[in-house]
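Some notes on the structure that comes next.
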Amino acid sequence: MTNKLEKLALAFAGAAMLTLAGCGGGGGGTSVSPPTAAKTSVPVTVIDGAIKNATVCLDKNLNGICDSGEPSGKTDAAGNVTLQVPTEDAGKYPILAVVGTDAVDADHGPVTTPFTLQAPADKTAVVSPLTTLVQTLIASTGATSAQAEASVKAQTGLNVSLFADFTKGSTADSQAAGTLARMVVVTTQQQSSLLAGAVGTTAMDGAVIRQADLDKIIQNKLLEILPALLTALADP
């Protein structure tokens, strides 16, 4: 009997040692965290005048809205913000700036009617009414940023880069760019106010109309009426 108990004790001890060894092997290991995705800093300046408190994002799904999960940030008083963008996404998607009624334009005061601005994926340093015209043309025609810029410049007669910060220039060309940009914003705001009642209603295809849908319609219409805007600008 004694021998049998001793054998059982040894068996239990061996089992316990195996159990402890198994636990020790699992608990002693360290979990490996997935590697952190590399990020690229993308500096952006939003202007009509410099616009403070605009929400800026990388519009990855091209829906005209700054969605959760998209790299985003708020502009400072100089209109500046730096987005932290996954390196594989840098240069692939347009920049969107949502200018709400909490925003302030350094040249024109508090924003009373919201509007949005855009810039092409490969020209993200400045987001302005002029880059918005360029991106709208890219989205509707598939043109490159260079082709779209050339087309808008041909329509407007502007002799400065449409991707530059015209608020920093003092030449007549920079002033002309700023004047046209302001006209684009004012016209956008007027049309947005006129169409505001459509937001939330149902379109003919059954879809609910969003503000982003109206923004797209207005921006495309602005391209069509650029000659009329220029005529209005030239009229004393």
Side-chain angles (χ1 to χ4, degrees), residues 42-52 54-59 62 64 75 78-81 91 93-99 103-108 111 113-192 212 215-234:
V42 178
V44 178
T45 301
V46 181
I47 58 170
D48 175 18
I51 298 178
K52 176 184 178 181
T55 299
V56 180
C57 67
L58 193 71
D59 191 12
L62 308 178
T75 55
N80 298 324
V81 64
Y93 303 101
I95 295 291
L96 175 70
V98 180
V99 184
V104 179
D105 187 311
D107 293 343
H108 309 290
V111 174
T113 303
F115 60 95
T116 60
L117 302 172
Q118 303 176 70
D122 60 342
K123 297 288 184 181
T124 58
V126 173
V127 181
S128 77
L130 304 183
T131 65
T132 302
L133 293 175
V134 174
Q135 175 56 28
T136 300
L137 191 57
I138 291 172
S140 62
T141 67
T144 65
S145 59
Q147 292 167 339
E149 182 194 25
S151 178
V152 173
K153 288 175 75 171
Q155 291 185 70
T156 60
L158 293 176
N159 294 316
V160 294
S161 169
L162 303 186
F163 307 119
D165 186 347
F166 50 77
T167 67
K168 303 298 185 184
S170 57
T171 65
D173 287 333
S174 293
Q175 292 172 0
T179 300
L180 178 60
R182 187 58 189 163
M183 178 67 82
V184 168
V185 170
V186 170
T187 304
T188 297
Q189 290 176 313
Q190 290 174 343
Q191 295 303 307
S192 184
D215 291 342
K216 184 177 180 179
I217 292 170
I218 292 169
Q219 288 162 359
N220 278 290
K221 193 64 179 177
L222 278 170
L223 282 175
E224 295 179 24
I225 66 171
L226 269 180
L229 285 179
L230 293 169
T231 299
L233 284 173

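These numbers come from the heavy atoms of this one structure, side chains and all, not from hydrogens, waters or symmetry mates.
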Verdict with supporting geometry, L180 and L230, side chain to side chain contact (heavy atoms under 4.5 Å, CB included): CA-CA 8 Å; L180 178 60; L230 293 169; 4.1 Å; yes

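- When all heavy atoms of V46 and A54 are compared, the closest pair comes out as CG1-CB, 4.4 Å.
- When atom types are taken as modelled, the side chain of S140 and the backbone of T136 share a donor-acceptor pair closer than 3.5 angstrom.
- When side chains are defined from C-beta on, H108 counts as touching R182, because their heavy atoms get closer than 4.5 Å.
- Of all the heavy atoms in V134 and S145, the pair that sits closest is CG1-O, 4.0 Å.
- Here L117 contributes atom CG and I47 contributes atom CD1; the two are 9.0 Å apart, rounded to the nearest 0.5 Å.
- Taking OG1 of T141 as the reference point, atom CG of L223 lies at 9.0 Å (rounded to 0.5 Å).
- Counting heavy atoms from C-beta on, the side chains of D48 and D107 never come closer than 4.5 Å.
- Taking CG of L222 as the reference point, atom OG1 of T187 lies at 6.0 Å (rounded to 0.5 Å).
- Atom CG of residue N220 and atom CD1 of residue I225 lie 11.5 Å apart, to the nearest 0.5 angstrom.
- Without hydrogens or angle criteria, Q219 side chain to T132 main chain gives no donor-acceptor distance under 3.5 Å.
- Taken to the nearest 0.5 Å, the OG atom of S128 stands 8.5 Å off from the CG atom of D165.
- The CD1 atom of I95 sits 9.0 Å away from the CG atom of D59 when rounded to the nearest 0.5 Å.
- Annotation: side chain of I51 is not in contact with side chain of V104 (no heavy-atom distance under 4.5 Å).
- In plain terms, the two heavy atoms of Q135 and P120 that are nearest each other are OE1-CA, 3.2 Å.
- Listed for the T131 side chain is a donor-acceptor partner under 3.5 Å among the backbone atoms of Q118.
- Under the 3.5 Å distance criterion, the side-chain polar atoms of T124 are left unmatched by any main-chain donor or acceptor of A121.
- The two residues V126 and A119 come nearest to each other via the heavy atoms O-CB, 3.6 Å.
- What you find for A78 and A50 is that their closest heavy atoms are O-CB, 3.5 Å.
- Atom NZ of K153 sits in a crowded spot, with more than 12 heavy atoms from other residues, nucleotides or ligands closer than 6.0 Å.
- V111 places a side-chain heavy atom less than 4.5 Å from the side chain of Q189.
- With contacts defined as side-chain heavy-atom distances shorter than 4.5 Å, the pair L226/L133 qualifies.
- Within the 4.5 Å cutoff, side-chain heavy atoms of L62 are placed close to those of P94.
- In this structure, the side chain of S151 does not engage the main chain of Q147 through any donor-acceptor pair within 3.5 Å.
- Contact record, P114 with S192: O-OG, 4.2 Å, taken as the closest heavy-atom pair.
- Inter-residue side-chain proximity for L130 and V152 is flagged as unmet; no heavy-atom pair is nearer than 4.5 Å.
- Side-chain contact between S174 and K168 is absent, with no heavy atoms from C-beta onward closer than 4.5 Å.
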